[in-house]
Amino acid sequence: MAKAKAAAPTSSSGGKAAKKKKWSKGKVKDKAQHAVTLDKPTYDRILKETPAFRFISQSILIERLKINGSLARIAIRHLEKEGLIRRIVHHHAQLIYTRSTTSSE
């Protein structure tokens with residue numbers, strides 16, 4: 001039993017002889033190239049695709065349509081005014097909408 005205890009520390013090289021851990025540089029996220037101005041093809045795409053989404057928020061429009069946040073807010077306001085989408089939750093941080101159904105609830 002004494003031999004087993006003595007053999008264990010010598011088999012592993014501990015202390016300064018061990019290799020120092022190398023830290024990774026971390027993952028770098030690519031810079032998003034989102035549209036800053038609203039051109040005709042983007043406007044048409046918003047009017048065509050957005051009312052078909054089941055869940056509509058500023059984040060969803062930014063991610064799917066590659067537009068910036070201010071354009072997404074303006075688009076949501078415009079679509080609500082036109083009656084194409086309906087508000088579910090109005091919160092100061094996040095506005096959540098859904099597609100407008102033909103029958104009013």
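Position 1 is the first residue of the sequence, and the numbers go up from there.
- Put simply, CG on N68 and CD on Q33 are 12.0 Å apart, with the number rounded to the nearest 0.5 Å.
- Taken together through direct or relayed side-chain contacts under 4.5 Å among Ile, Leu, Val, Met, Phe, Trp and Tyr, I62 and L65 form parts of separate hydrophobic clusters.
- Not a single side-chain hydrogen bond (donor to acceptor under 3.5 Å, both in side chains) links E82 to another residue, sequence neighbours left out.
- Within a 6.0 Å radius of CD in E49, other residues, nucleotides and ligands contribute more than 12 heavy atoms.
- A donor-acceptor distance shorter than 3.5 angstrom exists from the side chain of T98 to the backbone of R54, with no hydrogens or angles considered.
- L61 CG to Y97 OH: the interatomic distance, rounded to the nearest 0.5 Å, is 10.5 Å.
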| task | Step by step, work out the side-chain contact (heavy atoms from CB on, under 4.5 Å) result for H78 and L47. | result | CA-CA 9 Å; H78 177 71; L47 287 179; 4.1 Å; yes
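- Looking at T50, its side chain does come within 3.5 Å of a backbone N or O of I46 through a donor-acceptor pair.
- Distance check: R77 CZ to I85 CD1 gives 11.5 Å after rounding to the nearest 0.5 Å.
- At a threshold of 4.5 Å between non-hydrogen side-chain atoms, the residues Q94 and V89 do not count as touching.
- Contact record, R87 with E80: NH2-OE1, 3.4 Å, taken as the closest heavy-atom pair.
- In this structure, CZ in F53 is found 10.0 Å from CG in L79, a value given to the nearest 0.5 Å.
- Rounding to the nearest 0.5 angstrom, the gap separating the OG1 atom in T37 from the CG atom in L71 is 7.5 Å.
- Within the model, atoms CD1 of I76 and CG of L84 stand 12.5 Å from one another, a figure rounded to the nearest 0.5 Å.
- No single ILVMFWY cluster, assembled from side-chain heavy atoms under 4.5 Å apart, contains both I74 and L38.
- Nearest approach of P51 to R99, heavy atoms of both residues: O-CB, 3.0 Å.
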